[in-house]
2 protein chains.
Amino acid sequence: MQWFRDRCAEAGLPCTHQRQVLYRALLEAKDHPGPEMLYERVKRDIPSVSLGTVYRNIKTFLDNGLIGEVSLHHGPLRLEANNTPHHHLVCRVCRKMFDLPAEQVESIHLREALPKGFHLERFVVEAHGLCAGCAAPKRTGRTH
Amino acid sequence: MQWFRDRCAEAGLPCTHQRQVLYRALLEAKDHPGPEMLYERVKRDIPSVSLGTVYRNIKTFLDNGLIGEVSLHHGPLRLEANNTPHHHLVCRVCRKMFDLPAEQVESIHLREALPKGFHLERFVVEAHGLCAGCAAPKRTGRTH
DNA sequence: TGACGGATGAGAATAATTCTCATCTAATAG
DNA sequence: CTATTAGATGAGAATTATTCTCATCCGTCA
Ligand SMILES: [Mn+2]
Ligand SMILES: [Mn+2]
Ligand SMILES: [Zn+2]
Ligand SMILES: [Zn+2]
């Protein structure tokens with residue numbers, strides 16, 4: 001939590017009671033919770049907190065790198081008819097996705113066994129980075 | 001497309017004009033489109049199609065394995081404070097997620113270079129399967 | 001302490017998805 | 001080829017997820 005207060009100070013973010021409780025809820029969570037779940041947990045300490053504040057601060061924390069999103073794929077469903085085994089390249093900025101044939105990736109190996117009880121079906125690999133468009137250096141001068 | 005008609009017959013699904021156009025749109029798409037995008041594309045051929053029909057048939061196709069979802073993570077945002085490098089085990093049924101420390105996965109190697117122009121930042125690995133709860137055999141007898 | 005810029009709570013607005021129901025149509029039997 | 005009918009469709013309401021607006025409040029810094 002001291003780390004949290006320091007990062008708020010660095011980023012020029014007021015360290016409000018709501019923010020501290022929200023961040024602590026996320027620190028203690030082991031279940032990768034979503035906004036509604038965090039709202040419930042924050043409400044235990046601050047019954048008057050609003051859902052809007054939870055969403056607003058989640059976004060603030062993400063923008064400042066205080067917390068992370070579990071996946072680049074939240075939001076609308078995305079689909080494909082391609083049923084050959086393959087992985088994806090994903091642009092972290094525009095979220096375009098490109099196919100990466102499975103045979104192009106060497107098989108995955110673990111150094112230890114998976115936790116007891118989990119029944120593994122397959123490994124999915126995503127290459128995250130910037131697509132050609134998003135990696136291109138900004139044009140000099142006018143931006144439009 | 002013949003494959004599509006055969007699979008519809010197998011599954012006992014009427015092979016409607018809407019379904020054929022929707023499936024063809026997905027076959028021809030290389031951009032992993034979402035429901036709104038598919039709706040636009042189907043409307044070119046069937047201007048009267050409704051967005052509800054697009055969503056309904058997407059779900060029908062998914063349930064019957066005719067098409068695939070790109071990721072298990074669409075839907076509400078999920079978050080974590082854990083900023084150590086790590087991957088995840090993901091249950092395909094209940095979508096619970098468990099951490100998998102990065103050092104437990106041997107580094108990823110490609111057999112060919114990535115497509116020109118993509119700037120790789122990191123590989124993300126997901127172990128998909130069934131969690132202990134979802135893998136447990138159904139109790140015999142009553143289901144509740 | 002006091003001033004003030006950014007944060008908050010309440011609730012409206014928008015986006016994403018699902019549901020309801022009257023009507024229509026693909027599949028099949030005659 | 002027509003009649004039958006189970007299931008599909010279009011329209012739009014309902015629900016869920018997220019963002020926005022604004023009057024008021026509070027953490028920070030002088
Ligand atoms: Mn793909
Ligand atoms: Mn994690
Ligand atoms: Zn991009
Ligand atoms: Zn599960």
Side-chain angles (χ1 to χ4, degrees), chain A residues 1-2 4-23 25 32-64 66-67 69-79 95, chain B residues 1-2 4-23 25 32-64 66-67 69-79 95:
Chain A
M1 286 303 300
Q2 186 55 51
F4 173 74
R5 275 180 234 109
D6 292 345
R7 301 297 302 270
C8 281
E10 273 176 44
L13 297 173
C15 187
T16 65
H17 186 206
Q18 286 84 342
R19 282 176 176 162
Q20 293 179 64
V21 172
L22 174 61
Y23 183 77
H32 306 84
E36 289 287 345
M37 184 63 75
L38 288 167
Y39 176 52
E40 294 306 321
R41 293 176 193 180
V42 172
K43 264 205 294 202
R44 289 179 204 157
D45 282 7
I46 313 176
S48 65
V49 76
S50 76
L51 182 57
T53 292
V54 169
Y55 271 99
R56 219 182 304 118
N57 283 323
I58 284 171
K59 182 160 283 193
T60 301
F61 290 173
L62 286 171
D63 288 346
N64 288 279
L66 297 180
I67 65 174
E69 287 187 60
V70 167
S71 162
L72 293 181
H73 301 288
H74 77 91
L77 188 58
R78 295 185 64 178
L79 305 156
R95 308 209 172 181
Chain B
M1 285 304 298
Q2 187 54 52
F4 173 74
R5 275 181 232 109
D6 292 345
R7 300 299 300 272
C8 281
E10 272 177 44
L13 297 173
C15 188
T16 64
H17 186 207
Q18 286 84 343
R19 283 176 177 163
Q20 293 179 66
V21 172
L22 174 61
Y23 184 77
H32 305 86
E36 288 288 345
M37 184 63 74
L38 288 167
Y39 175 53
E40 294 307 320
R41 292 175 194 182
V42 172
K43 264 205 293 202
R44 288 179 204 157
D45 283 6
I46 313 176
S48 65
V49 76
S50 77
L51 182 57
T53 292
V54 170
Y55 271 100
R56 217 181 308 119
N57 283 322
I58 285 172
K59 183 161 282 194
T60 301
F61 290 173
L62 286 171
D63 288 346
N64 288 279
L66 297 180
I67 64 174
E69 287 187 60
V70 166
S71 160
L72 294 181
H73 301 288
H74 77 91
L77 188 58
R78 294 185 65 179
L79 306 155
R95 309 213 170 178

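A, B, ... follow the sequence lines: proteins, then strands. Residue 1 opens every chain. No experiment lies behind these values; they were computed from the predicted model shown.
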### Task
Sorted by first residue and then second, give each ring-ring contact (aromatic ring centres under 6.0 Å, His included) pair with at least one member in residues 43-63 of chain A; sequence neighbours left out.
F4(A)-F61(A)
All N/O contacts under 3.5 Å from nucleotides 25-29 of chain C to the protein, with atom names and distances to one decimal?
| unit_1 | atom_1 | unit_2 | atom_2 | d |
| --- | --- | --- | --- | --- |
| dA27(C) | OP1 | C15(B) | N | 3.1 |

### Task
Output every pair passing salt bridge (Lys or Arg N to Asp or Glu O under 4.0 Å) with a member in residues 7-16 of chain B, not counting sequence neighbours, ordered by first then second residue.
R7(B)-E10(B)
### Query
Under 3.5 Å, side chain of R5(B) to main-chain N/O of C15(B), donor-acceptor pair present?
no
### Task
Evaluate the side-chain proximity of E36(B) to L51(B): yes if any heavy-atom separation is below 4.5 Å, no if none is.
yes
### Task
Taking all non-hydrogen atoms of both residues into account, name the closest pair between L38(A) and L79(B) and its distance.
CD1-CD1, 3.7 Å
### Task
Could you pick out which residue, G75(B) or N57(B), lies toward the 5' side of DNA chain D when each is mapped onto its nearest nucleotide?
N57(B)
### Query
Listed by chain and number, what are the side chain to side chain donor-acceptor pair (under 3.5 Å) partners of R41(B), not counting sequence neighbours?
D31(B)
### Query
Within this structure, what is the CD-to-P distance between E40(B) and dA16(C), rounded to whole angstrom?
12 Å
### Message
Rounded to whole Å, how long is the line connecting atom CZ of F61(A) with atom P of dA7(C)?
### Response
11 Å
### Message
Taking 4.0 Å as the cut-off, does a side-chain nitrogen or oxygen of R56(B) come that near to OP1 or OP2 on dT18(C)?
### Response
no
### Partner residues of K43(B) under the side chain to side chain contact (heavy atoms under 4.5 Å, CB included) criterion, sequence neighbours left out
Y39(B), E40(B), V49(B)
### Message
For a 4.5 angstrom cut-off between non-hydrogen side-chain atoms, does C8(B) reach Q20(B)?
### Response
no
### Query
Got a sec, which residues hit side chain to side chain donor-acceptor pair (under 3.5 Å) with S50(A), two or more places apart in sequence or on another chain?
T53(A)
### Task
For D63(A) and dG6(C), give me the distance from atom CG to atom C1', rounded to whole Å.
15 Å
### Message
So does N57(A) get a backbone contact from the side chain of R19(A), meaning a donor-acceptor N/O pair under 3.5 Å?
### Response
no
### Task
Identify, with sequence neighbours excluded, every residue that meets side chain to side chain contact (heavy atoms under 4.5 Å, CB included) alongside D6(B).
Q2(B)
### R78(B) side chain vs V70(A) backbone, donor-acceptor pair below 3.5 Å
no
#### Entry: Proximity to DNA chain C (any heavy atom under 4.0 Å), residues of residues 41-51 of chain B only
L51(B)
### Task
State, to the nearest 10°, the angle formed by the axis through the first five base pairs of the helix from dT1(C)-dA30(D) to dG30(C)-dC1(D) and the axis through its last five.
40°
### Message
If the condition is side chain to side chain donor-acceptor pair (under 3.5 Å), which residues does E69(A) pass it with, not counting sequence neighbours?
### Response
H74(A)
### Task
Rounded to the nearest angstrom, tell me the gap between atom CG in N64(A) and atom P in dG6(C).
14 Å
### Query
Between Y55(A) (OH) and dT8(C) (P), how many Å, whole number?
16 Å
### Task
Looking at every strand, decide which applies to R19(A) at a 4.0 Å heavy-atom threshold: base, sugar-phosphate, or nothing.
sugar-phosphate
### Task
Heavy atoms of chain A, cut-off under 4.0 Å: which first and last nucleotide of DNA chain D, 5' to 3', fall inside that, if you could look?
dA17(D) to dT28(D)
### Message
For D45(A), give me all partners under side chain to side chain donor-acceptor pair (under 3.5 Å), at least two apart in sequence or on another chain.
### Response
none
### Message
I need the CD1-P distance between I58(A) and dT8(C), as an integer number of Å.
### Response
12 Å
